[in-house]
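Quick note: numbers below take in every heavy atom, side chains included, and nothing from hydrogens, waters or symmetry partners. First the proteins, then the strands, lettered A, B, ... as listed; each starts at 1.
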2 protein chains.
Amino acid sequence: MSNITIKELALKLNLSAATVSRALSDSYQISTATKQRVWDLAKKLNYEPNPSASTLRSHKTKTLAVIVPEIANNFFSQAINGIEEVSRQHGYHVLIYQTHENSEIEAAFIKSLVSGRVDGVLISVSSETNNKDHFTELNKTIPVVFFDRALDNMEAVKITTNDYESAYNATEHLIECGCKKISFLFALNNLSTGKNRLNGYIDALTSNNIAYDETLIINCDKDENQNYSHIKDLLTKNKPDGLISSIEELVLPCYAICEELNINIPDDLKIVSFSNLKTAPFLNPSLTTITQPAFEIGITAATLILKLLNKKQVDTNEVVVLKSDLIERGSTAVKKN
Amino acid sequence: MSNITIKELALKLNLSAATVSRALSDSYQISTATKQRVWDLAKKLNYEPNPSASTLRSHKTKTLAVIVPEIANNFFSQAINGIEEVSRQHGYHVLIYQTHENSEIEAAFIKSLVSGRVDGVLISVSSETNNKDHFTELNKTIPVVFFDRALDNMEAVKITTNDYESAYNATEHLIECGCKKISFLFALNNLSTGKNRLNGYIDALTSNNIAYDETLIINCDKDENQNYSHIKDLLTKNKPDGLISSIEELVLPCYAICEELNINIPDDLKIVSFSNLKTAPFLNPSLTTITQPAFEIGITAATLILKLLNKKQVDTNEVVVLKSDLIERGSTAVKKN
DNA sequence: CTGTTAGCGCATTCAC
DNA sequence: GTGAATGCGCTAACAG
């Protein structure tokens, strides 16, 4: 801890602590000469204000909390990147919490944040969460902004992507590629993020006059082994020629199963996956991805919450929808949507 | 902010604030009955202690700072995952800062952290950094633990991986695969992390009686375009049959260049890269990776700093070295080192 | 076992 | 323009 305090600065400058405090915050009440003296000494002695004392007095922490299911995830780490970027530019600090998709851990974090540790919270909710009580409670005291995964029935600022549309387009893309039997790996079943993706898939099928077949939709959850065997069943029995995965985590099992079953990708089975592994289609031309603008989502979410904190005019119910890209790669070409 | 304070609890319970404070921290001085009354009311009223007030008084923040070059990076995000995990289990909060390999931003963060915002700092230094002044200054006031990228000439707790050995093994692996002309993409030139990787490569060559050829070593830096053209030159003129990339970021340009030049991977050129993209060899069998135990590094770093904070006996000069895996994938097999 | 008192460092109100 | 006084919420020393 830098031991130097306002009091000590005041002492050395023959000023009162109040004057030094005001000078440091560039108050109009202080003469330019005094300000300069204060700034010079502060710089010389490496003065750094004590954040706890400052917060205790001013009720401003200059800190944001970010709650995500996982940090080691291509989407979330890119989003956090954007959030940190904006925060740094505005002198804000960023606290990170991960829930591992566990709504109890999530609730505990949320509860602990009402104590004035942060000025605002950016959250992408766990896939299990359906109780919004903690959130409404928290939102009474500080601004909360949801990104990517929001609670359906909650009024709050939300940043999402065009999940429905991008799943629709991806499905149509597979149809245009000649797929007749397209399956869907359904994850985030509890959230509108997941449901929208499913609905985009279903609607694309029906509007292209393809019979909607429930057995082609696999419900996926946290149990990796179960997911694996369900997908394996699907590929063995139903033999789809196209597949859409609603989360990146399921791509690898798909590849493993195809190898096991001697299914050739993409000749026998074309795969499209929601994924922010931007290098995926380049390392492996047979994979097409729906890539969310994760960094921009982070930027947008952080910018919005800072506006809320600065009492700028923001619709506290605003929903921002950004667009995903469909990234495909043949031998050389790279397409974007 | 949860408005309820110790004072209010005290008032409602006909106790003094001091007693309530002691009861909340489960002090041995307080009767079980009183403790229970306090806990019950605290729970009922959703009391959450004000962290600023607590810190101001106790000089403990229960917060760690993590400084990394990039969050959206497979290695660092996995390391942060481990750090967050340990921190949560011990009731610590985690602040994230990214330097984008800029030592000025890094220095500014370090400077701002002497003010008592955190109890300790976990850092992986920027590739530009060679001035250790800020670090020694900071380390006087709070513990600093370096992970993966440390400053050479600084006495501190460090967690690293066996960079020399893993580069050595990877090079020997390529030799065993029949490569005669192995090139090396040299990055992190300023850090021992990078230098050790280079030396492992060089020593593996010489101890296998392969002439050491400087033109096969490409100096890479932040300038992506320059890296690209240098690598392209290498592949065009020198036509190596093996390549080791000392960072993950250079793999994609390599693939792009090979495609451009009609070089077949792995038939014409075998590539091994330091990379924590764990899915890489699975999505693309032609890539072999040296994968660092990022999560374990995070776990270890966090555990160590918590020990330091709790004045446990820790050698303040301790260096922990964890081991990377060489992950290769033929048609079906997966090897580990 | 519990209460009283004091002060962490800062920002704000009120004086002059 | 500047200073003196006050209190944010908590914990620790001292007292009993």
Side-chain angles (χ1 to χ4, degrees), chain A residues 1-39 41-42 45-63 91 112-119 141, chain B residues 1-39 41-42 45-63 91 112-119 141:
Chain A
M1 194 155 324
S2 99
N3 279 322
I4 172 89
T5 69
I6 280 191
K7 224 172 168 178
E8 293 172 291
L9 289 180
L11 206 66
K12 302 205 187 207
L13 291 166
N14 269 322
L15 289 170
S16 74
T19 304
V20 174
S21 173
R22 278 185 281 236
L24 287 170
S25 54
D26 200 9
S27 160
Y28 69 98
Q29 302 174 71
I30 305 294
S31 73
T32 324
T34 306
K35 279 186 196 171
Q36 201 55 56
R37 284 181 63 218
V38 172
W39 292 340
L41 187 67
L45 299 183
N46 263 312
Y47 169 76
E48 286 285 337
N50 180 310
S52 306
S54 173
T55 296
L56 188 57
R57 194 63 240 269
S58 68
H59 297 287
K60 284 175 190 163
T61 63
K62 287 287 230 174
T63 306
S112 84
L113 290 174
V114 296
S115 63
R117 186 178 292 275
V118 298
D119 293 339
T141 69
Chain B
M1 196 156 325
S2 101
N3 279 323
I4 172 88
T5 69
I6 279 192
K7 224 172 168 177
E8 293 172 287
L9 289 180
L11 205 68
K12 301 205 188 205
L13 290 166
N14 268 322
L15 289 170
S16 74
T19 304
V20 174
S21 173
R22 279 185 282 235
L24 288 170
S25 53
D26 199 9
S27 160
Y28 68 98
Q29 304 173 69
I30 305 293
S31 74
T32 325
T34 307
K35 279 186 195 171
Q36 202 56 57
R37 285 180 62 216
V38 172
W39 292 340
L41 187 67
L45 298 184
N46 262 313
Y47 169 76
E48 286 285 337
N50 181 310
S52 305
S54 175
T55 296
L56 188 56
R57 196 61 244 264
S58 68
H59 297 288
K60 283 175 191 161
T61 62
K62 289 287 233 171
T63 305
S112 84
L113 290 174
V114 296
S115 63
R117 185 178 291 276
V118 299
D119 294 338
T141 70

Using a cut-off of less than 4.0 Å, is there contact between a side-chain N or O of [X] and OP1 or OP2 of [N]?
| X | N | result |
| --- | --- | --- |
| B:Ser54 | D:dG9 | no |
| B:Tyr47 | D:dG9 | no |
| B:Ser58 | C:dC8 | no |

To the nearest angstrom, how far is [X] atom [atom1] from [N] atom [atom2]?
| X | N | atom1 | atom2 | result |
| --- | --- | --- | --- | --- |
| B:Arg57 | D:dC10 | CZ | C1' | 8 Å |
| B:Lys62 | D:dT11 | NZ | P | 12 Å |
| A:Lys35 | D:dT2 | NZ | P | 10 Å |
| A:Leu56 | C:dC10 | CG | P | 12 Å |
| B:Glu48 | D:dG9 | CD | P | 15 Å |

Output the distance between atom [atom1] ([X]) and atom [atom2] ([Y]), rounded to the nearest 0.5 Å.
| X | Y | atom1 | atom2 | value |
| --- | --- | --- | --- | --- |
| B:Ile6 | B:Leu11 | CD1 | CG | 13.5 Å |
| A:Leu56 | B:Leu56 | CG | CG | 6.0 Å |
| B:Arg57 | B:Ser52 | CZ | OG | 15.0 Å |
| B:Leu9 | B:Leu45 | CG | CG | 6.0 Å |
| A:Gln29 | A:Thr34 | CD | OG1 | 12.0 Å |

Could you work out how much the helix from C:dC1-D:dG16 to C:dC16-D:dG1 bends, comparing the axis of its first five pairs with that of its last five, to 10°?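 The helix from C:dC1-D:dG16 to C:dC16-D:dG1 shows an end-to-end axis angle of 40°.
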Closest heavy-atom contact between [X] and [Y]?
| X | Y | value |
| --- | --- | --- |
| B:Ile30 | B:Lys35 | O-CE, 3.4 Å |
| B:Tyr47 | B:Ile4 | CD1-O, 3.5 Å |
| A:Asn50 | A:Ala53 | OD1-N, 3.0 Å |

Students often get this wrong, so: under 4.0 angstrom with heavy atoms, is B:Thr34 touching a base, only sugar-phosphate, or nothing?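 Contact class for B:Thr34: sugar-phosphate only.
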With the threshold set at under 4.0 Å for non-hydrogen atoms, list the residues of residues 6-32 of chain B touching DNA chain C in residue-number order.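 Within this stretch, B:Asn14, B:Leu15, B:Ser16, B:Ala18, B:Thr19, B:Arg22, B:Gln29, B:Ile30, B:Ser31 sit under 4.0 Å of the strand.
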salt_bridge(A:Lys60, A:Asp119) N-O dist < 4.0 Å: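 Between A:Asp119 and A:Lys60 there is no salt bridge, as every charged N stays at least 4.0 Å from the carboxylate O atoms.
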Given DNA chain D, 5'-ward residue of the pair B:Lys60 and B:Ala53, judged by closest heavy atom: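 Its nucleotide being nearer the 5' end, the pick is B:Ala53.
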